[in-house]
Amino acid sequence: MEPNYDESKVPVYTLPPVWPEGMTPERWRDEFRPRLLRQFAELLYGEIPPPPEETRPELRAERAGALNGLAVRREFRLHFRNGTATAELDVLLYLPTRRPGRVPAFCGLNFYGNHSVTPEADVFPSSGIGPEGPIRQDQVGAYCHRLPLTEILTRGFAAATAFYGQLCPDQPGAVETGIHRLFPGCARPATALAAWAWGLLRIRELLARQPELDPAQIGVFGHSRLGKAALWAGVNDERFARVISNDSGEGGAALTRRCFGESVAAITSRFPHWFTPRFAEFAGRENELPVDQHQLLALVAPRPLHVASAAEDLWADPRGEFLAWREALPVWRALGIPVPEPGDELPPNGGIPGYCACHRRPGVHDLLPEDWACYLDWAAAFSPVTGGR
Ligand code: GCU
């Protein structure tokens with residue numbers, strides 16, 4: 001079926017509530033939030049498996065004076081063991097050389113290997129299956145724009161990344177060959193998004209143990225399908241201090257009920273392994289889905305959230321991402337955190353800054369230095385507050 005790009009064909013819909021009538025902060029936290037998490041696990045993402053019995057970080061290389069002196073570079077291999085099954089994850093970490101104290105960090109997965117997001121040719125290259133099949137080891141720095149290390153490090157943040165394909169191959173039918181194999185007794189169905197989110201949780205734990213980092217200031221980011229993974233990780237582990245969704249679209253930050261751009265039918269037929277089979281049942285019946293994505297965004301509360309879109313990325317439904325963000329805001333408000341009261345449209349400059357921020361930059365689907373400029377300003381300005389208790 002052709003995707004709908006016509007605003008006048010968006011169906012009339014009623015969104016399920018983020019803060020039902022008569023809700024209290026205590027009940028939201030203790031009952032409503034856990035119930036929503038369970039519903040999202042059941043209907044979309046699958047449960048994130050538990051930590052393995054053993055995680056052993058091996059420091060494979062450390063280099064002071066990386067990035068022309070701006071950074072200390074560490075390359076870790078996480079060795080996971082659960083029962084007799086094992087798996088590995090290679091994490092590339094850059095710490096700012098100049099550190100006024102323990103510094104904040106961002107972590108996120110990459111699509112094409114650790115070597116693809118750094119200009120430094122001497123990092124360990126990743127290998128495995130990426131979005132278009134096996135990734136190429138000669139693509140050193142080919143996706144540097146998605147992780148502008150100089151800007152991030154200069155602003156005093158650390159950055160950590162790992163190749164998503166090492167956690168779970170991005171191929172229908174191959175999900176059980178990823179980290180899910182460590183957990184044969186665990187609730188099924190196993191999904192790729194749960195495996196990628198699991199990896200983000202393990203990276204956060206690694207970062208929290210670095211003495212140079214502030215464990216209370218570790219944020220998670222992701223672009224596109226990895227933005228969906230970042231959201232699922234960020235709502236499941238509240239120790240992530242902030243959550244960034246970059247162009248995460250359908251099954252990410254965009255409202256499913258709008259049926260604009262990518263649809264449930266399209267995503268679940270091309271990428272059946274990302275979600276539980278339940279999600280596909282709602283193709284053409286989006287209004288009957290018990291949840292919608294503003295509720296997922298609301299689960300980031302009371303922590304800072306940043307949702308970003310690209311104006312030409314209609315497949316990801318930028319307006320649906322903005323509306324989901326706007327419809328999530330009542331939760332922050334109810335938890336006593338000042339957030340904007342946006343109208344029906346984003347302002348002409350495309351952004352609403354603040355603790356819960358939203359921006360829409362011109363251009364196509366990508367994670368760009370100009371997106372990072374917004375994230376860095378936002379992260380520098382807002383630290384998580386503990387609201388709602
Ligand atoms: C496809 C898919 C999107 C996804 C994107 C990406 O376009 O349909 O849902 O977000 O890939 O990950 O780049």
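In what follows, residues are counted from 1 in the order of the sequence shown. Read the numbers this way: they start at 1 and go in the same order the structure lists the ligands and their atoms.
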Above 12 or not: heavy atoms from other molecules or residues under 6.0 Å from CG of D138? yes
Distance under 4.0 Å, heavy atoms only, partner ligand 1: which residues pass? F111, S224, R225, K228, E262, I267, R270, F271, W274, W315, H365
Side-chain donor-acceptor pair under 3.5 Å between H306 and N246, yes or no? no
Just say parallel, tilted or perpendicular for the rings of W274 and F271, cut-offs at 30° and 60°. parallel
Steps toward salt bridge (charged side-chain N to carboxylate O under 4.0 Å, His left out) verdict (R74, E62): CA-CA 4 Å; R74 287 194 189 136; E62 168 155 334; 2.8 Å; yes
How are the rings of F221 and F106 set to each other: parallel, tilted or perpendicular (split at 30° and 60°)? perpendicular
Sequence neighbours excluded, every pair satisfying side chain to side chain donor-acceptor pair (under 3.5 Å) that has a member inside residues 92-104: Y94-T118, Y94-E120
